[in-house]
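Everything on this sheet refers to the single structure shown next.
Hydrogens, waters and symmetry mates play no part in the numbers below; they use all other heavy atoms, side chains included. Chain naming here is simple, since letters A, B, ... match the order of the sequence lines and numbering starts at 1 in each. If you're wondering where the values come from, they're calculated on a predicted model, not measured in any experiment.
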Number of protein chains: 2
Amino acid sequence: MPKKVVPETERRRRRPTRQGTVLSERLIVRTALRMLHEHGASGLTARRLGAALGADPSTLYRYFAGLDGLTRAIGEELMGRALDSWTPTGTWRADLRALGLAIHASYLAHPHAALLTASRVTGRPREIAVDETILGLLRGAGFDDADAVGVYHAFIDLALAFAALDAGALAIKDEVREADEEVWTSTYARLPAETHPHIAATAHLLAERMNLSAYPVVLDTLLGQAEARLTAAGNRGIGGQ
Amino acid sequence: MPKKVVPETERRRRRPTRQGTVLSERLIVRTALRMLHEHGASGLTARRLGAALGADPSTLYRYFAGLDGLTRAIGEELMGRALDSWTPTGTWRADLRALGLAIHASYLAHPHAALLTASRVTGRPREIAVDETILGLLRGAGFDDADAVGVYHAFIDLALAFAALDAGALAIKDEVREADEEVWTSTYARLPAETHPHIAATAHLLAERMNLSAYPVVLDTLLGQAEARLTAAGNRGIGGQ
DNA sequence: TTGTTAAGGTCTACGGCGTTGGCATAAGGA
DNA sequence: TCCTTATGCCAACGCCGTAGACCTTAACAA
């Protein structure tokens, strides 16, 4: 095994591979993302990634401590892209909404990558930047620390949870070619009304709706409750107790 | 390859394996669950499962069309257990809350299994039974079909999304031995206040809270909004438009 | 300009994986 | 009792992740 993984910042010698490519953490992560996107989760292997980069598979271990390390880097990249695509306006609720949707969208742009990474806490810089941003918005809006942390927790977990869930649906759609999606119009629509009256009665509505994400609705619900809590606290503060 | 997978219901000959075990879909699924629980996701392989059952790995393909089929059966089992552990009381909101928590808990009891299955729609009987139950509760409560389907969608996806997310945290905890959890008390707590003032100010609260699930809070938020919508619709109906 | 050093490539190999096709055998109906 | 065939086992294929030894050349000092 390569003796040690050298952090990207301390890398000095950039020897090109036999086939001429000059490697970097960034290039590897982006290539991996492309492979995930084009060929699905099973399309990303050390050997294939090596081939796509024009490098020997074992070279990857100079950059990451195993494929798990690569996975974390991919998650970091997705979170970073979400933050980059977001611009604050100064209204906390709108900003949080936009940021939530940005995270959700960033992950859904790479469903297979999202599935691999959505439940990991990496503690890497850009992920921390997102957390700091969210807490800043909440504390800036007037939430006290305990409430801010409460809303933050629900907010970030909700975004990641739905990212993972919806990514799962998308990823499967890619692979099983919409066979799963059809379950709603085939299996469910054909259930007899005697045994499943409620599904039978609502089958047409189900088929329409189940292929959309419930995330925006639930997110709005959460933010609405947070806002109500904030104004209630404000009134209590003004009115005394 | 074994020519065909015989459905459990049509299975007639129960030939014991060389080592004496009599196989069944149920036994295989439960053994797989146990292995997942005890040895993690990477501990479940066809070979090992075969060994645990006292059977040749290839025998599994007589029962499931590949490991993916086994995965779906596992998901079905988790959903079924949730439904079994739940008893309705007649109050729709309390019942939905209990059912949501039951699903969440059932999945979290087997985090590795949950991760494998939470984003799959199997269309198998017990999963359908859960859907029918939820829709029945909502329509029984007085929601019109469109609203019922809307709440149903948010409800089931929320349960599965948080099951997947929280299971991910638990599963990782098992493997990385709480290294990830420590991130909150080490990495985050040590961030300097100049660069990350908000994290620094709330670090102690974060460490406390991030290791609990946000699911109950978000679930209550969702159900509260649904109830408000229901009473609003009721008033409109009584008052005329 | 040249020599030294070690970062960062390559090569080879190991054990384990999912899955398959062929084959053996005994369960259960006739 | 015999026959059929469901259901088990065996052997093998082509992948996989990744460890360790080895080679080559970029970067730097003299």
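- Looking at B:R11, its side chain has no donor and acceptor atom pair within 3.5 Å of the base of D:dT7.
- Taking atom CG of B:L60 as the reference point, atom P of D:dT7 lies 14 Å away to the nearest angstrom.
- When rounded to the nearest whole Å, the span between OH of A:Y61 and P of D:dG17 equals 6 Å.
- Toward the 5' end of DNA chain D, the nearer of the two residues A:P57 and B:V6, judged by each one's closest nucleotide, is B:V6.
- For D:dG8, the OP1/OP2 oxygens have a side-chain nitrogen or oxygen of B:Y63 closer than 4.0 Å.
- Between A:D84 and A:R126 there is a salt bridge, since a side-chain N of the basic residue sits under 4.0 Å from a carboxylate O of the acidic one.
- Proximity note for A:T17 (side chain, C-beta onward) versus C:dG18, D:dC9, C:dG9: the nearest is C:dG9.
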(request) Given side-chain contact (heavy atoms from CB on, under 4.5 Å), test A:H110 with A:R81 step by step and report yes or no. (result) CA-CA 11 Å; A:H110 296 274; A:R81 289 185 181 190; 3.4 Å; yes
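- What separates CD of A:E10 from C1' of D:dA26 is a distance of 18 Å, to the nearest Å.
- The nearest heavy atom of DNA chain C to B:R15 and to B:A46 marks one nucleotide each, and the one closer to the 5' end goes with B:A46.
- Taking atom CZ on B:R12 and atom C1' on C:dA30, their separation rounds to 14 Å, with Å as the unit.
- A straight line from CZ of B:R62 to P of C:dC23 spans 14 Å, rounded to a whole angstrom.
- Ion pairing of B:R30 with B:E77 is present here, as a side-chain N (NZ or NE/NH1/NH2) and a carboxylate O approach within less than 4.0 Å.
- Within the 4.0 Å cut-off from OP1 or OP2 of C:dG9, not a single side-chain nitrogen or oxygen of A:R14 is found.
- Within the nucleic acid shown, A:F64 has no heavy atom closer than 4.0 Å to any nucleic acid atom.
- Positionally, the nearest nucleotide of DNA chain D for B:V22 lies more toward the 5' end than for the other of B:V22 and A:L44.
- Of the candidate nucleotides C:dG18, C:dT10, D:dG17, C:dG18 has the atom lying nearest to any side-chain atom of B:L67.
- Crowding of B:R14 atom CZ: a count of heavy atoms from other residues, nucleotides or ligands under 6.0 Å exceeding 12.
- In this structure, B:H104 and B:Y215 have parallel ring planes: the angle between them is below the 30° cut-off, well short of the 60° mark.
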(request) Using a 4.0 Å heavy-atom cut-off, write out nucleotides 11-16 of chain C from 5' to 3' as B (base contacted by protein), S (sugar-phosphate only) or - (no contact). (result) B-----
